[in-house]
Structures are given as structure tokens and as C-alpha cells.
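Here the structure comes first, spelled out in C-alpha cells, and everything after it is commentary.
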Amino acid sequence: MIETAPAPLSGGPVRGRLPGALRLLAPFLIALGAGAVVLWATGRDAFAVYGQLADAALGGGTQIADTLAATTPILFTGIATALAFRAGAFNVGVEGSLYVGAFAAAWTGFSFPHLPGAPLLALAALLAALAGAAWALLPALARAWLDVSEVVTTLMLNYVAILLTSYLVNDHFLARGVANSMSPMIAPQARLPPLLPGSQLSAALLLGLLLLAGYWFLFSRSTLGFELRLVGLAPRLARASGVDLRRSLVIAMLASGLVGGWAGGFQVLGVIHRFVDGFSPGYGFTGIAVAILGRNHPLGILAGALFFGILTSGGGMVQLVSSIPIDLVNVVQGTLMVFAVADLGRLGWLRRWAGRA
Amino acid sequence: MSAPRIGLRGIVKRYGPIVANDRVDLDVAAGGIHAVVGENGAGKTTLMRIIAGLVEPDAGRYELDGRPVRLRGPADAIRRGIGMVHQRFQLVEELSALENLVLGATPGRLRFDRRAARTAARRLAEQLAAELDWEAPVAQLSVGQRQRLEIMRLLYRRADILIFDEPTSVLTPGEAELLFGIMRRLAADGRTILFITHKLPEVFAVAQHVTVMRRGRVVATSAVADTDPRQVGRQMVGEDLTPPDLRPSGRVGRPVLALREVSATGGRGEPRLRRVSFEVAEGEIVGVAGVEGNGQRELVEVVMGLRQPAGGEILLDGRPCGHRGVRERRDLGVAFISEDRDGEGASLDATIADNAVATAYRRPPLARAGLLSPGRVRRATEDLIRRFGVQGGRPGAPARVLSGGNLQRLVVGRELSRVPRLLVAAHPTRGVDLRGTVFIRQQLHRAREAGAAILLVSEEIVELLELCDRIVVLYRGRITADLPVARVTAERLGALMAGLAA
Ligand SMILES: Nc1ncnc2c1ncn2[C@@H]1O[C@H](COP(=O)(O)OP(=O)(O)O)[C@@H](O)[C@H]1O
Ligand SMILES: [Mg+2]
């Protein structure tokens, strides 16, 4: 029915027919296996490293809070990316939406210090969403009417967004008395409440989970979601059934950009509390991996975001406490990323093995 | 008597509870065309895949020239000279025809020896008397050309047993004739050909032997000279399939669709439809006869709203609707059975349920206020499966598991689950098995008797004569005849379709 088979990337054929749960889990397991091979090849004990990693990421309340904090922005970018992928739009511009969304939220936060908390937060969220969506508008229109590949346009616009926000913060909204390129702090009442005092974990996580529920609802309970999914999976059938392909494409791209704007906006409102030039370590790009890893499935996206959240927060610690050089951690992370996104359903032997299991 | 080229003894293949091949015995003589017929799900494809080394039987003996063999995959089969042309082609769209020809057995050691490949290609094309642009990417080739390329690929690998799985289901009658010519030529060269089809006239046109399968078993194998279509048809379905009476009752109402001087152009602005005018009324089936490529596709698209007309007027129930989109027309009661079954008609990647509700998902009872009820979608799908006899898959399974005939039943059911104002049906029974064809024609008839106006595009003269009230002939984009069916004979229709004066 609606939620059974997660649509594959850009609507290509579903090749694998692994049973549901295993199909979602398999890429994670394979990714870990591949990472282990890299570790063993360089003479490390993979189990020990993974153990340290798990311990660093999940070993206690603070660690878990940090991991969840690292998970939050990529949960948003993962949802944003999956929204577009499901409708067959390869939006790789979530990073750009994230930057303009973050800037819009920060600007709202420090420009209206006299507004009370709730309206100020709402306004900041609204403007972040608008900015993020606006960033996806041009590629959406270009693809819908001129058949210009959105991959290229959205990718290019990422750099425009990074440079534009950098220019804005450096030349117009630089905070006084700080050395780095950052905007003034947002008003205290514009901050999202922390979930665990002393950690970076904020209510943004809850908003992300709410959004994920909305994502599930959209694609399994609404006619709009059915339409978008049909466009991604079977554009010609959709067209002959009366679906307006252009409209669907534009809706999906705008929704994707909108959520991308929130990804940045809530990172500002919840964690950094100001705009910082170049603040994102590639949340938007990790979102692509999350969407692919999660096969655009709500639970898959959640698992994917957690997976990369654990890697990020645990990986940082492992570098600090063990003798493993940072480059090796990066190599393992890269390996995990590559294997995470590979479509392993194509491997016949894996399918057979899974069928037996 | 010498041993048969292929000999199967007690072949069994099970898929879970389904016995796809049940103790099958089959002898295929060397050098000739051997047809295998049977309804969808009879086990034909499975048996061919066993012969081609793609599937291993659970039990039974497989002999080549009287010697038992055990094939280890398709590569092993091709080494022994056995190759298969599949229902869905196995070509790489981006590569050129030449590259596809030699793929997997490329001449040259390290570098691709293009010249050797070209020489081989030329020789093969000559042998088959088939032209092909060898440098064009496969994506640009027509279906018929792709199929000929597949055949040449097997010949290039020196196959001398060629298996064709429903090769004509994707071809126009003209292309099918071409294929038969090739098959005869190959047989005359001493090659052994296994040929699967649904269409009995094809069996009697090309084959020397025919094997009938039903529910996994071989029911009969006979020399074509010793049997007749009626007997084979009976063996296929296990009973006498009396064709139902599809004659129109003649209660024709007001016009529903009216075309006035409609023109349309192709991709490069070349005219495809020239000032086409005709009407379709309530309770009437109007057939559009013509050989593929004479403007049928454009006509269908213009009527559906998938293509902008270049001129003229299209009226639905008297209201101009040339500017309206597909959705608006569907909301006015237009239904559509596309000729392009796995693209426009249905999606093989989507689930059966998705396909079943692809046009009704916005309406009650499936949806209210933009909210879709998965429970109702499932029930509606199950209902459709039951009412239209779709066999082979549950609602949640991908539509890929359905055979072509069952997929078409699903599409027909979706479009006719409510009686439409206007049904546009393009080649609705192409590639569908006997029983399915009869069923689909019956459904069209029923919709007409319930008051629907039906525009039926078909190349099959029998179908047109059996179903239609009126027939218009489309030739080079023009309507060259518009006749009540009583005044048309098969010969006259054939002549008109070929562009000969009436
Ligand atoms: N790979 C498969 N897995 C499960 N069932 C199959 C498979 N292939 C064929 N079948 C089943 O075996 C039966 C025979 O199928 P097939 O050989 O394709 O019939 P035909 O080609 O005559 O239409 C059908 O019921 C079909 O559903
Ligand atoms: Mg078959």
C-alpha cells in the first residue's frame, strides 16, 4: 500500500526484495562491516574501536544528549532531502536552504528583541521556512519549465548561499567585539528551551520528530503524498492519471527547501543562538546520505540520522581518547558513508541469504 | 529415429506452493519452429527459462541430442548453443547497437576491435535481411529493431537453439510479419526455434509443431498439420470458449466526443493529424483503424489532453475542452486505457494497490478532504482484483509480479470500475491471452451497453469488426473513411488501412 515499499532514489526500479525490516537494516550492517575491514586492514581491533565509539556516543546521559544533539540537524536535512527524492526530484541543495534559513532565523532573533518569546519564535521559524523554500524555487521552476537538471542548479546554489550569508554577516551584521565572523546573539526569549541543561540538546529534536511524523502522514495518509510518490515512482502513469507533474515537482522542491530552512533555523534557535559564518559541517550533504540510507522511509530516516549522529559525536571522542589518528576516523566515516548509500538490494546473493534468514 | 535436439523428461519446478512446471515431457526436433502456447500462468516462461539455463528444475531430466545435461547458468547454455530472447529486452540503452551486439563477447584482446565487430554485424544483418543503424544508441531503436538486435546477439554467440518468449506481444502486425520471416529463415538454416505465443493464427502461420500447456502441464504436442486452431484453443483453456455475443444493441444517444478539424504536429513540427473530424456518441464504440504510426498515438493524446492540438476543436458533451488538462477531462468522466501498458497504463515498480487507485485516489470513498484511507485503498483493490479476475498478486505486491494480461485486467478494471462518459482505449488487448482478450472485449461491450461512448484504437481487424458500431480509418493523419460496421468487410478494412482507395 502506501507505506510498504520505500521508493528508491529518484524512482528507479526497486530491485531488491529483501524482507522489510532487514531491507532497512542491511545497509547499516554492511556499512559497519566495511568500516571494520578498513580498521582491520590498518591493524586495529575493529570491535574495540566500535566499542569505544558506542561508549563515547551512548555511554551515559550527557553522551546520549550530545549524540541526539548531533542527530537533530541531520534529521531535518534527511527529511528535507527525502521529501524531494520521493517525488523524483534530486535536490542536493538542502545545504543552501539550511544556510539562508539559519540566517533568516538569526536575523529575526536579534532584530526584534522586544517581541515576546512565542511570536518571536514563530516569526523566526516562518522566515527560516520561507528563506529555505525560496532558495529551492529557482531550481524547481527551471526544472519544471525548462527541463534544467535540478542537480546542477541546486548544487551551485549551495555555494551561493554560503557566500551570500558570509557576505551578509561580515559586511552588515557583524557582532561587535568578537573576532570571528558571527552575528549578534538572538534575544534570549527566542531560544528554544534545552532538553537537558548543560548539553546542546534542545527542543529542536522534538520538532524534528514531529516533522518526521508529518512526513509519514503525508506519504501514507494524504492524497498529496500519494500524488508526489506516484510522480517519483511512475511519472508517465501519474501524468496520464491527471497529475500535474510540474506542480508536483515544484511542491516537492519547495517543501524540501522549507524543511532545509528549518534545519538551519532550528540549529540557530536551539544551539548556536546566532549566525556563524560557515557553521555547517555539511549537514545538508549528510542529509542526502541519511535519505538514501533510510530509503526515504520515515523509520529509515530516523535510523540514518541516529547512525550519523553517533558517528559524529562518538567519532570526535574516539579521536581524543584513543591513539587512532583523526584521518583514520575520517576514512572509516567515509567508508561507512559509501557503503551506506550503496543499493545492496542489487546483490543477488544477499537477497538469497536474506530470503533464507 | 534420431534423438530430438531437446528432450525433457518429467521436469518439475515449484515456486512455494505453486507448481509452475508439473512433470513436463517435451521433445523438440532439430531444425524447425516449435510453438508453445497456453494461457497466462500456464508455465511457458518457466519451462523456457529451464531450457535456457536460467532456472534449475527441481526434478526431471534434460537432454540435448539424447545426452543428459545439467546447465550451470545462461552462460553455460549459450556455450551449448542455447539462447533466449526475453519478453523484456536485455539491452543497454546507452550503448550503441554494435556495442550491445558484442557485449560479453567482445572481439579484440585488450582493445575493442571495432572493425571485427562491424564485419560480424554486417554479416548478421545480411543473414537476417534486416537493416539497423549500428552506431545509434539502443534507446533510439524501435521495439522491433531492438528485438532483431537481440536475435543477432544470440547468433553472434553462435546460438542454434533460439527461444522466443512472446515476441509478438510487443510488435505491430507489420513487425510481426518481419519477425516471422526471420524465424523461417533461421529454421531453414537448420536452427531450432521455440516460439511462445498467445495467438493461434501465428502458430498456424509459422510453426511445424505445437505444444499446449495448461496449469503447469503439457496437455498435447501435435504437428500443426494434424490439428486446427479450434482444437488447440480448446486444449489451452480446457473447455470450449464460445465467443460471447458482442453485437451492439444500437441504442445510440447524444454525441459525447466531437472532433472538428483537429490537427496535431509531431516533435519536429511535422503534421501528424490533419483536420480530423468525427463524433462518438453515448452507447457507441467507434473504432479507429489504421496501421501504427498513422496518427493514432497523436489522436489519443489530443483527446486525453496529453498533447496540445495544433488546430481545431475538441468538444466533450458539447463543451470545448481542447485547452483542458488530463485531470479536468477525467473529472468530466473520461477514462483511458493506454497502449503503453507499463509506463502510462501502469507502473511495474508501484504496488498493485497503487496502480489500482492511481486515478481514483482523490475521490470518495478512498479519500475525503485530502486524506487517504489505506484501509479503503486496500479493500477497493481487493474488490477490483475479484471483479476483474486479476490473478497472481496481493495488493501490496509490486505490479511487476503480474503477467501482462493480468496487469491489463487491472488497468481495465481501474478505468471501468465506474461507467465512464467516454473511454479512450488504445490497443486494449495487445499481448493479452485468449481468455483475457475475450474478457476485456466483454467489458468494453458492457460499458457501451451501460451508455459509455468508446473510442477504440486497434490494429486488429477482428476486434474492430466484432466490437464497433462505426469504424473510421486513419491513414497518414487523415480520416479516409467513416463507415457503419455493417458496411465493412475484413478485406475492405485491410485495404483502407493500407491506404488503398476504398
Ligand atoms: N520467480 C517466480 N517466483 C514465484 N512464482 C513464479 C515465478 N516465476 C513464475 N512463477 C509462477 O509460476 C507460474 C507459471 O508462470 P510462467 O512460467 O511465467 O507462466 P506463463 O509464461 O505461461 O505465463 C505462475 O503461477 C507464476 O506466478
Ligand atoms: Mg510468460
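Throughout, a chain's letter reflects where its sequence line sits, starting with A, and its residues are numbered from 1.
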With a cut-off of 6.0 Å (strictly less than), are more than 12 heavy atoms of other residues, nucleotides or ligands near [atom1] of [X]?
X	atom1	value
A/Arg246	CZ	yes
B/Arg14	CZ	no
A/Trp262	CH2	no
A/Leu138	CG	no

Can you tell which part of [X] gets under 4.5 Å to a heavy atom of chain A, answering side chain, backbone, both or neither?
X	result
B/Arg414	side chain
B/Ala350	both
B/Asp331	neither
B/Phe336	side chain

Worked verdict on B/Val377 versus A/Phe226 for side chain to side chain contact (heavy atoms under 4.5 Å, CB included): CA-CA 11 Å; B/Val377 167; A/Phe226 181 89; over 6 Å; no

A/Glu227 side, atom CD; B/Arg327 side, atom CZ - distance, nearest 0.5 Å: 4.5 Å

Nearest-0.5 Å distance that lies between atom CZ in A/Phe217 and atom CG in B/Leu372: 9.5 Å

Where B/Ala358 and A/Ser241 come nearest, the two heavy atoms and their spacing: O-CB, 3.3 Å

Which residues share a side chain to side chain donor-acceptor pair (under 3.5 Å) with B/Ser458, sequence neighbours left out: B/Glu463

Side-chain (B/Arg362) to main-chain (A/Thr223) donor-acceptor, under 3.5 angstrom: no

A/Ala240 backbone acceptor or donor facing B/Arg330 side chain under 3.5 Å: yes

Max heavy-atom pair count under 4.5 Å with chain A, selected residue of B/Ala367, B/Gly343, B/Ser347: B/Gly343

A/Leu237 and its side-chain contact (heavy atoms from CB on, under 4.5 Å) partner, picked from B/Asp342, B/Val411, B/Asn355: B/Asn355

